[in-house]
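What follows is one structure encoded as structure tokens, with my remarks underneath.
As the structure lists them, so they are numbered: ligands from 1, and atoms in each ligand from 1.
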Amino acid sequence: MKRTKIAGIGHYVPEKCVTNQDLTQYMDTSDEWIQERTGIKERRYAENHKETTSTLGTRAAEIAIENAGIDKNEIDFIIFATLSADYFFPGCGVLLQRELGITKTEIGALDIRNQCSGFIYGLSVADQFIRSGMYKNILLVGAEMHSMGLDFSTEGRGVTVIFGDGAGAVVLQPTEEEGKGVLTTHLHSDGTNAEELAMINPGSHGGYHGNKEKYGFEDDGHPGGIFVTQKMVDDNLLAPNMNGQLVFKKAVQKFPEVIHEALNVTGLKTDDIDLLIPHQANLRISAFVQKSLGLKDHQVFNNIHKYGNTTAASIPIAMSEALQEGRIKENDLLCLAAFGSGFTWGSALIRM
Ligand code: ACO
């Protein structure tokens with residue numbers, strides 16, 4: 001039976017390290033508050049004007065390709081997951097193709113916009129392509145450059161302290177090896193609370209979902225609409241917003257649910273999980289999920305203290321580090337799970 005295996009993994013984080021203490025220069029916050037509520041000690045920020053989301057992704061992809069032992073020109077499909085793309089369009093997939101120096105045009109590049117769940121959504125799509133025989137070397141990348149879109153005033157502190165920059169990548173190939181590879185993936189969405197963890201502006205909404213006045217949409221004086229208003233700039237409405245308590249409540253419910261769903265389908269139990277790599281949203285969320293599943297410390301991987309929440313990049317960065325640290329071995333059962341903006345959530349089980 002043909003399945004999808006991870007042939008190579010790589011990650012890249014920018015050099016610039018920003019500690020909680022560093023952030024106190026810009027906003028009213030403290031190392032103690034941030035560590036207690038999120039577990040984060042520091043995060044990395046890309047070098048503005050010199051690095052972008054697609055260049056971070058490219059650095060991670062180069063390592064994954066090398067570790068897979070293939071040439072970049074053997075990649076036959078690119079999937080790029082991010083919420084912080086270089087441009088509104090085109091997406092980062094083609095920019096990464098160019099940056100990698102892949103000149104052949106017989107490949108597709110797909111952009112995924114599922115925020116924290118982006119890597120698992122991308123993995124699920126790639127898995128279908130590989131199992132159907134359509135592609136043999138898919139490059140799946142999760143990368144974020146949050147630092148360019150955060151509000152560094154005290155008003156934005158509830159969101160800003162959580163996020164960091166980084167990238168992770170995997171090369172996915174078919175395998176016929178008995179019992180190995182991606183065993184199952186599960187994807188979910190519920191748009192009811194779409195605006196509760198979101199970056200609303202700029203966008204084409206024109207106030208349709210409410211708050212026409214808040215965003216400054218008035219008579220545009222032409223047949224089209226307005227993408228960015230002066231009021232958005234003046235009132236600091238071009239940064240992400242988050243209803244932290246709602247996110248917490250939903251996340252601690254959906255993570256265990258979607259992990260159980262994957263285990264039930266495959267007839268496996270929580271005891272069978274060698275390593276759970278949850279999306280690194282917040283250490284308190286991961287601790288809650290660990291407790292609710294009854295997992296031991298050695299069964300769960302966390303690195304949020306070093307990088308903060310890197311959204312679509314957090315799972316592949318963690319996978320890459322776990323492998324380097326010897327926490328993932330041949331035949332191990334790896335469980336991936338994510339919850340985030342949308343809301344969307346998902347899980348995957350992989351026999352390594
Ligand atoms: N530094 C200092 N004080 C802060 C900060 C900060 N960075 N941010 C908020 N505060 C203040 C608030 O202003 C508030 O002050 P007040 O009591 O004077 O009004 C106080 O701290 C408590 O604020 P709450 O929002 O009620 O704090 P809460 O205990 O809910 O913690 C947090 C906030 C950490 C965001 C929490 O809700 C949480 O963990 N939510 C989950 C969200 C999350 O992890 N998101 C990750 C990204 S989304 C994802 O990946 C799924």
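Shortest contact from atom 20 (C) of ligand 1 to any protein heavy atom: Trp33 NE1, 4.4 Å. In terms of protein heavy atoms, atom 13 (O) of ligand 1 is closest to Arg157 NH2, 2.9 Å. The protein atom (non-hydrogen) at minimum distance from atom 51 (C) of ligand 1 is Phe339 O, 3.1 Å. Protein heavy atom in closest approach to atom 39 (O) of ligand 1: Asn282 ND2, 2.7 Å. Scanning the protein for heavy atoms near atom 48 (S) of ligand 1, the closest one is Leu197 CD2, 3.4 Å.
Taking a distance limit of 4.0 Å, we find that atom 34 (C) of ligand 1 is approached by some protein heavy atom. Within 4.0 Å of atom 17 (O) of ligand 1, not a single protein heavy atom is present. At a distance under 4.0 Å, a protein heavy atom can be found next to atom 26 (O) of ligand 1. Within a 4.0 Å radius of atom 31 (O) of ligand 1, the protein contributes one or more non-hydrogen atoms.
Below 3.5 Å of separation, one finds an N or O of Gln245 facing an N or O of ligand 1. Between Gly244 and ligand 1, a contact under 3.5 Å exists for at least one N or O pair. By the 3.5 Å distance cut-off applied to N or O atoms, Thr29 is counted among the residues near ligand 1.
Relative orientation of the His205 and His209 rings is tilted, given thresholds of 30° and 60° on the angle between their planes.
Using a 4.5 Å heavy-atom threshold, the side chains of His279 and Phe339 count as separate. A heavy-atom distance below 4.5 Å is not found between the side chains of Phe80 and Ile112. The side-chain heavy atoms of Gln97 and Thr58, taken from C-beta on, include no pair separated by under 4.5 Å. Put simply, the side chain of Asp86 does not reach to within 4.5 Å of the side chain of Thr55, judged on heavy atoms. With contacts defined as side-chain heavy-atom distances shorter than 4.5 Å, the pair Met319/Ile6 qualifies. Within the 4.5 Å cutoff, the side chain of His260 has no heavy atoms near those of the Phe255 side chain.
In summary, the atoms of ligand 1 found under 4.0 Å from a heavy atom of Ile285, numbered by their order in the structure, are 44 (O). Residue Val161 has at least one heavy-atom neighbour below 4.0 Å for each of these atoms of ligand 1: 7 (N). Every atom of ligand 1 is numbered from 1 in the order shown, and the set under 4.0 Å from a heavy atom of Arg37 is 22 (C), 27 (O), 28 (P), 29 (O), 31 (O), 34 (C). Within ligand 1, counting atoms from 1 as listed, the ones closer than 4.0 Å to a heavy atom of Asn309 are 46 (C), 47 (C), 49 (C), 50 (O). Within ligand 1, counting atoms from 1 as listed, the ones closer than 4.0 Å to a heavy atom of Met242 are 35 (C), 42 (C), 43 (C), 45 (N), 47 (C). Taking a cut-off of under 4.0 Å to the non-hydrogen atoms of Arg284, the atoms of ligand 1 that pass are 36 (C), 38 (C), 39 (O). For ligand 1, the atoms lying closer than 4.0 Å to a non-hydrogen atom of Ala281 are 44 (O), 46 (C), 49 (C), 50 (O), 51 (C). Each of the following atoms of ligand 1 lies closer than 4.0 Å to a heavy atom of Gly158: 8 (N).
For Phe88, the ring-ring contact (aromatic ring centres under 6.0 Å, His included) criterion is met by Phe227, not counting sequence neighbours.
Residue-ligand proximity: His279 is placed with a non-hydrogen atom under 4.0 Å from ligand 1. Note on ligand 1: Cys116 sits in its first shell, one or more heavy atoms being nearer than 4.0 Å.
The existence of a salt bridge linking Arg3 and Glu176 is excluded, since no basic side-chain nitrogen approaches an acidic carboxylate oxygen closer than 4.0 Å. Taking a cutoff of 4.0 Å between a charged side-chain nitrogen and a carboxylate oxygen, Arg59 and Glu99 qualify as a salt bridge.
In Gln324, the CD atom is crowded: over 12 heavy atoms of neighbouring residues, nucleotides or ligands sit closer than 6.0 Å.
Remark: Thr270 OG1 to Lys296 NZ distance equals 8.5 Å, nearest 0.5 Å.
Within the structure, side chain to side chain donor-acceptor pair (under 3.5 Å) pairs that include any residue of residues 339-352 comprise Ser117-Thr344 (at least two apart or interchain).
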